[in-house]
Structure formats: structure tokens, C-alpha cells
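Worksheet: the structure to be examined is printed underneath.
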Amino acid sequence: MTGISKRFGPVQALRDVGITVRAGTVHALVGENGAGKSTLMKILAGVYQPDTGAIEIGGREHCFASPAQALEAGISMIYQELDLAEHLTVAENIFLGAEPRGRLPFTVSHKHMAAQAAELAQRFSFDIDPAAKVEDLATGDCQIVEVLKALRHNASILVMDEPTSSLSEREAKRLFEVVRRLRREGLALVYISHRLEEIIDLADEVSVLRDGLLVHCEHAAKLDIPKIVHYMVGRELTDFFPTRTAQIGDGLVQVQGLSSEAGIRDISFEVRRGEIVGMAGLVGAGRTEVARAIFGVDKRTAGQVILDGRELNIGSPADAIASGIALLTEDRKRTGLCIELPCSWNITLPNLGHIGFKPFIKPSRESRIAEEAGSRMAVKWSSPQAPAGSLSGGNQQKLLIARWLLANSRFMIFDEPTRGIDVGAKTEVYGLLNKLAEEGKAILFISSELPELFGIADRILVMRRGQLVGNLVTKQTTPEEVMHLAAVAERTL
Amino acid sequence: MNKFVRQLLPFGTLTLLIVALSALEPDTFLTTQNFSNVLSRSSYSGIIAMGMTAVIISGGIDLSVGSMMALSGMIAGLVMTQHGSVIPTPGLMVLGTLVGMGMGLLCGLLNGSLITLLDLPPFIVTLGTMSAFRGISYVINKGMMFDVPTYTFLGEGKIADVPVNVLIFLIIVLAAFFLLRYTPLGRYTYAIGSNRQAAYHAGVNVKRNLIAVYAITGLFVGIAAMIATSRTVSAQPTAGISLELDVIAAVVIGGASLSGGRGTVIGTIIGTLLISFLRNGCTLLGISTNIQLVVIGAIIIGAVALDQAARAKAETA
Ligand SMILES: Nc1ncnc2c1ncn2[C@@H]1O[C@H](COP(=O)(O)OP(=O)(O)OP(=O)(O)O)[C@@H](O)[C@H]1O
Ligand SMILES: [Mg+2]
């Protein structure tokens, strides 16, 4: 790709960017949120058309008017935002638009489809049920479906936009094996991620984008994380994790014997004022389900939640919010944002009551409040009135964090809060968690990235198959022990 | 900016239409009499369209509004005439009006409750109630209408030279505008239509909100029913047949999206007026009602196609 530029209204997303991806290599694309990574790749995949510039593949110049055309030229892409047909099964999603034909004309052979899907999953050793409905899947499994969907095309160029953002370490490792295998098979791979360890591990070449400009391109062997960060943010970033300064007080939240219809069983733990409690586990271990049960999304079948000594009777998220609980959900597209509505509306949505907008909303004050909340998270937007969907993936995440900061709850649950946000912003989020803890809030921090759990949490809870199997003090444990508990150990409590 | 241009599109079409008609039929079209007529005639469908706007923004649809209007009118007629036995007295007229409005509210509550409590698609529920409401309207007086010769205030009455029904229309428009823009109810309605799951996780009481939206629509239909009854000085079981299509068309021409999350009161007003003036113009130009149907159909498709093209451009440019 050479000389690519692209404008969205007032935003110059890309400026004269050129990259070269060689067959049989992994080319990593890194940069801060909104740097233009996704936009560049969407141009390659035919989603957007560039204002200037050209795409050349194997010596031939191409100009894609649609993703279908790009696919024909051998380009397949895994998009950052999950985009599956919720009511269809895994197999149907994988083969959407190319269903195996049945014996009669115009029919689909469901048997063949399921078999082929199973075979595909097995070939890349992913563990997924082809007959499951996508709406019943956890976010991590959805991502695996997206991966399989892209792999099905046998493309010669495969673009992966943050494919690991909601996978746990184990699934991510599987994906890396797949990537390495495809590289051996001679594919040209583009890999976008904010997890820089992955980049060092996996990539042959690294290109760094900043504010729509290509600022650096080098062999991965000659780079290390501090160097990449330096190119990304244009300055040194020291102290990735803040020094924990919060005073841990008395217990604020007690969860006792919590079970839910979603399959978690007998979960008990406590979170104290000023404490950050991490929660680890594999995809499907039930971490998100614990959060959902506390927040009133899934029906509780047993147990209770006690906040500040008072037993809560929560039947819906509305009750939970009113009781002083916040939940940043893991899937911003499904359960987070209203993408066609303005950013400001998205920020104030759960907060209309306590910012004094009941019974009446005051638009000018709303803009001001949203602006403030957004700037606290350094959200990059053209204006608070811009639709939330026009923000880059990471900025959408920041927008949601800003929303819950405004809610000022006493107990805050963050489910994968750093999903898809850049290193600089991650550091900000860690700092923010620390600050919230300092204010005396209790924080439950669910994450699939062990380093961040070890970097910020005071204690780490480990979930496995719907049960709590570990409750460890961070300083007295190791990542190995946590992984061991998450993957194999029997219940130790 | 682009959003602004899109908003202007139906408005521009409306202006163009009015200018064209003024040029073609200056003597009959460009009179206060004619304008007041057109406004008065669009008042009841316009009032219903205000409710429909909220319903469509919430991601739903209400096919039952036409039948609901007939039912509300018939119940009101029943009360006013004491089952056809008397000429309505002022007291009975007031009572009947309140009962008719209440009936609309009740029907709306029924729609909303069925949709949320049984978790059924709005299309199905209101398709069902559309049939049921119509049936009951016929049963009430064995398919006959109620004459209410003295009930003229809403249909013909004027306050300071402005038709009463146009005034009511204006009040409802202001109320709907205010509701959608300045109250949590309106905000939640947009959020539910845009992403129901996200709204729920943000603490929106989705069910209660949806019931309110359908109930308010019902109330508006009740009010419209009284105006329609008064305009014809009779409550007719056949009132409002296929009215839902006109109303939905007005909302969609006004830029609302049937998949929810988008729509404005201003857009719907423009959509309503566009259809009314088109009808009026066709009549003045001597174009048959059959051709009118074709023209309106073309306008609906054209408006939505243009809107979509503008939107696609705004998204990539
Ligand atoms: N459809 C769109 N309409 C308007 N602006 C857009 C659109 N898509 C992207 N942008 C803007 O273009 C810029 C680059 O966005 P892009 O999604 O490429 O960032 P990114 O590098 O992928 O970031 P992230 O790491 O957060 O995913 C951002 O400022 C974004 O707001
Ligand atoms: Mg991106």
C-alpha cells in the first residue's frame, strides 16, 4: 500500500501512509487509539475507499469497491468489532454467504455445514460447538467464531484487527500457533494489537502509526517494548503501573454463596473499601457471569450481595445502579454503546437521575458534563455530539469508562476495561483504578491479562468452570499458580 | 452539517411542492381557506404520527392505530348518544370525549403490555390488535355508526380564526417534541431503539418505558379519534382504515429508521404535511385518488432511498 490518505469529515484519519507486507511474514501494526490502524486495514479489505494512494498485490494494482472484491483478490479480515448474526449458529455464521449446497437446488446442507465447521475448528484446534447459537456465546467464543470465519476463505492475505482483545491467555496462545502455522504456509499476515508482548513474540516487522502518519517501520528483532511505546506515544512512558497508595479499609461488599441461572455456583468473596480485587480465569470460566449476577442481569438462584452492611435486593441493572454499583461490560458493542446516538447521550444515559436531569434534561448542561467526563478519560472525538460509532474502538471503550466514572458508584465492576485501548490509555486506566480505590471505592477488576492483574490488584480471585477456585493475595502468589488454578486445580477453598 | 442537510431534504421537497402548486393553481391553492383546510385535515393523522414517531424510534411499530381510532370513536359515540337514543348534550359530549380518549389510552396500554410482558414482536401484537379493535368497533353498534350532530366543536370550531383541531395538533406537537428531547422517557426511547441490551445494562427500565410509549400513542390516537368524530359529526366503525400506512409513511419520510434509534418530531411533521399537500395538490389538479396512491408510494420509496444515499455518503466521506 502506498500513499494512502483518508478523511472522515473533519478528521484526517490517514496521511500518506505506505506499508509493505511480505508473504510468509507477520506484519504488526501498532499505534494509539484513533491512530488509524483499523482504517488503513479497512481500506485494504475494501470497506473504505482511500482518498489517495494505491494498493498493489503481487505486482498488480487493485482498487476495491467492496469487501467482496477484496476477498476475491485473496484478502480476508477479522474486524475489531465483533459482527456476527446473533440468532444463527456458529456453523451458520462461519459459512454465511457460502453455505454448502444440499442435494436439492437452493437448499443448504446443514449436515455438511456443521461437519465442515467442526473440521475447521479442529484443524486449528479451537474448542467450539458448531451448533451453539451465537447469542448464547461469551465474547471470547464470538471472537473465535470471527477467526474461523476469516480462516475459512483460504485467503493469501489475512488481516487481524485485535483478535486477542477478549481471549484469555490460553485461547490467545492457540491463536498464535495458528498465526505461526499460516506464516509457514506462506500467507502474508497483518496483525493489530495493543498487547505489545504479543507483537514482540509474533511479528517479523512492525509499523507504528501516530495520528494517521507512519512514524516508524522496522524489523521486530531490533525492537523492544519500550522502543515501540516510545514511537507510539512520542515520549518515554515510565511506571506502567501506579504505586498503590490506597488505604484499604473495612469490608464494603460481601458476596455470599452466589449462584445464578447462568451456571456460576456458590461464589463468596469480599471487597473492602479502597481495595482492587482482580478476577482471573479462562474464557467461559464464569467471571462475566459473576458480574452479571451481582448487577442483576442474570437471575440469582441462591446467595446474596451485601453492600455496606445492607443486603441488596437487586432484580435489574436499574436496581444495581440505584444501590451504587456500576458495571462496565466486556462487550461494548452488544451491551455498552448506542452507536448511532451522540457521545454525550451515551455518557449521561445511566446518570440522568443523579445529575439532576429528572424530570427534565438540560441540553447545554449535558454537553458540558459530557465534555468534562470525556476529557477526564481523554476521549478523542470531533465533538460530544458526534455519534459514538464514529469513534475508534479504543475511544469507544474510554467513552464507556467515562460514563461509569460519572456514575460515581461505591462498588465498581470493570469487566476487561483495558480491552482494545492503547498503552498510554492503559496506564491512565490503572492510575484511575488506583485513584478510585483511594477515594474509598471497592473495585472488582476482571481481566484476561495476568500482567495487569499482578500489576494493579491487591488480591486475585480465580474462577474455573463457574466456581471460585482461588482467593490469593497478589504479593504472595505467582502467575504460574494462578494459571494452574484456572486451568487444572481442583477447588482449594 | 451533513445531518442538517439530510433534515432539510424532506423540507426542501415540501417547499418545492408548495411552490409548484402555488404556480400551477394560484387561485385555489394559495388561499388561507385551502391551507387551513389542509392543516385541519392532517391534524388527526399528524397527532397519531407524533405517537408513531416515538414508537418507531423505540424500534417498534404500531399497526393498530387506525382500528384503535375507530374503536375510541365508537365508544365515545356510544356514551354521547346513550347507545343511539339521544342527541348529545354538552355534558354527554364532555363525558364521551373523556371516555374516548381513555379508550385510546387503554388500547395503547394493552399493546404495550402484550409486547413487553409476553415478549412478543410489536408487529405481531399490533397486527393482532388491529384486527381485534376493528372487530369490536363493528360489534358495538352492529356495524352502524352513531350520529353526533351537535358534536362540532373539535371539527369546525375556531379560536381567533384558527381551527381548534389545528391548535390541538400544535399542542400535541409541542408535547411530543418536549417529551422526546427533554425528558428521560424520550432519551430512553432513543436508547432502547438504538441498542436495547445496552440501554438495559445502563439501568433503563426497558419494559416500563416501552409500555409508556405505546400508552402515550394510544392517548394521542384517542384525541385524534375525537377530532375525526367531530369532523364527520359521526362515530364510524370504518374510520381510519389503512390510516396506519399513512402515518408510518409520514414518520419514515421524516427520516426515522424502522430499525429504531432515529427519528424526529420535526421530520414527522414535514412528512405529514408532505403527504397532505400532495393529496390536496392532486385533488386540485384533478388527478384521481387512484393515481394519488401511486404518487405517494413513489414518494415514500424515493424519500427513503435519498435519505439512505445521503447517509452512506456522510459515513464514508
Ligand atoms: N466511520 C467513521 N466516521 C468518522 N470518523 C471515523 C470513522 N472511522 C474512524 N474514524 C476516525 O478516524 C480515526 C482513526 O480511527 P481508527 O479506527 O482507524 O483508529 P485505530 O488506530 O484503529 O484505533 P483503536 O486502537 O482505538 O482501534 C479516529 O479519529 C476515528 O474517530
Ligand atoms: Mg481499531
Side-chain angles (χ1 to χ4, degrees), chain A residues 6-10 42 47-49 51 86 135 291-292 295-297 315-323 325-329 331-342 345-353 357-363 366 385-390 400 403-404 407, chain B residues 1-7 56-59 116 119 121 175 177-210 212 255-264 307-308 310-317:
Chain A
K6 177 78 187 167
R7 254 190 116 77
F8 291 108
K42 281 183 183 164
V47 178
Y48 297 142
Q49 283 66 50
D51 299 339
E86 296 263 323
E135 57 194 345
R292 287 165 62 96
F295 201 58
V297 181
S316 70
D319 295 344
I321 293 168
S323 315
I325 302 178
L327 169 63
L328 177 78
T329 58
D331 189 334
R332 58 176 171 262
K333 192 174 169 196
R334 256 199 213 168
T335 54
L337 289 169
C338 298
I339 56 169
E340 54 281 75
L341 302 186
W345 293 17
N346 273 288
I347 287 183
T348 55
L349 187 61
N351 301 315
L352 293 178
F357 282 2
K358 277 181 183 171
F360 304 124
I361 294 169
K362 300 167 192 74
E366 176 170 42
Q385 275 71 44
S390 71
L400 286 172
R403 158 198 288 186
W404 292 114
Chain B
M1 191 58 200
N2 264 307
K3 203 169 148 190
F4 193 63
V5 173
R6 279 207 317 265
Q7 278 275 331
I56 286 179
I57 289 171
S58 80
T116 54
D119 212 3
F177 181 78
F178 186 79
L179 220 61
L180 279 173
R181 260 186 103 120
Y182 294 102
T183 68
L185 177 75
R187 181 60 60 81
Y188 293 158
T189 304
Y190 277 100
I192 292 168
S194 170
N195 184 346
R196 186 174 172 153
Q197 277 297 319
Y200 179 67
H201 280 82
V204 175
N205 190 330
V206 175
K207 296 196 165 168
R208 200 172 64 197
N209 214 87
L210 283 179
S257 150
L258 282 178
S259 52
R262 274 197 305 119
T264 58
D307 185 51
Q308 226 163 45
R311 192 175 308 280
K313 210 159 162 219
E315 257 151 41
T316 56

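A note on names: the letters A, B, ... follow the listed sequences, proteins ahead of strands, and every chain is numbered from 1. Quick note: numbers below take in every heavy atom, side chains included, and nothing from hydrogens, waters or symmetry partners.
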Please classify the contact of [X] with chain B as side chain, backbone, both or neither, using a heavy-atom distance under 4.5 Å.
X	value
Ile321(A)	side chain
Lys333(A)	backbone
Phe360(A)	both
Thr329(A)	side chain
Arg332(A)	neither
Thr348(A)	side chain

Within 6.0 Å of CZ in Arg196(B), more than 12 heavy atoms from elsewhere = no
Given Pro317(A), Pro350(A), Gly389(A), Gly296(A), the one with more heavy-atom pairs under 4.5 angstrom with chain B than any other is Pro317(A)
Of Leu337(A), Ile339(A), Asn351(A), the largest count of non-hydrogen pairs under 4.5 angstrom with chain B goes to Leu337(A)
Sequence neighbours excluded, the answer for side-chain contact (heavy atoms from CB on, under 4.5 Å) partners of Ser257(B) is Ser259(B), Arg262(B)
- Return yes if some donor-acceptor pair links the side-chain N/O of Asp51(A) with the main-chain N/O of Arg7(A) below 3.5 Å, else return no. yes
Has the side chain of Arg403(A) got a donor or acceptor atom that lies under 3.5 Å from a matching backbone atom of Asn346(A)?
-> yes
Those residues at least two apart in sequence (or on a different chain) that pass side-chain hydrogen bond (donor to acceptor under 3.5 Å, both in side chains) with Asn209(B) are Thr189(B)
For Tyr48(A) and Lys6(A), the nearest pair of non-hydrogen atoms, with its separation, is CB-CE, 4.2 Å
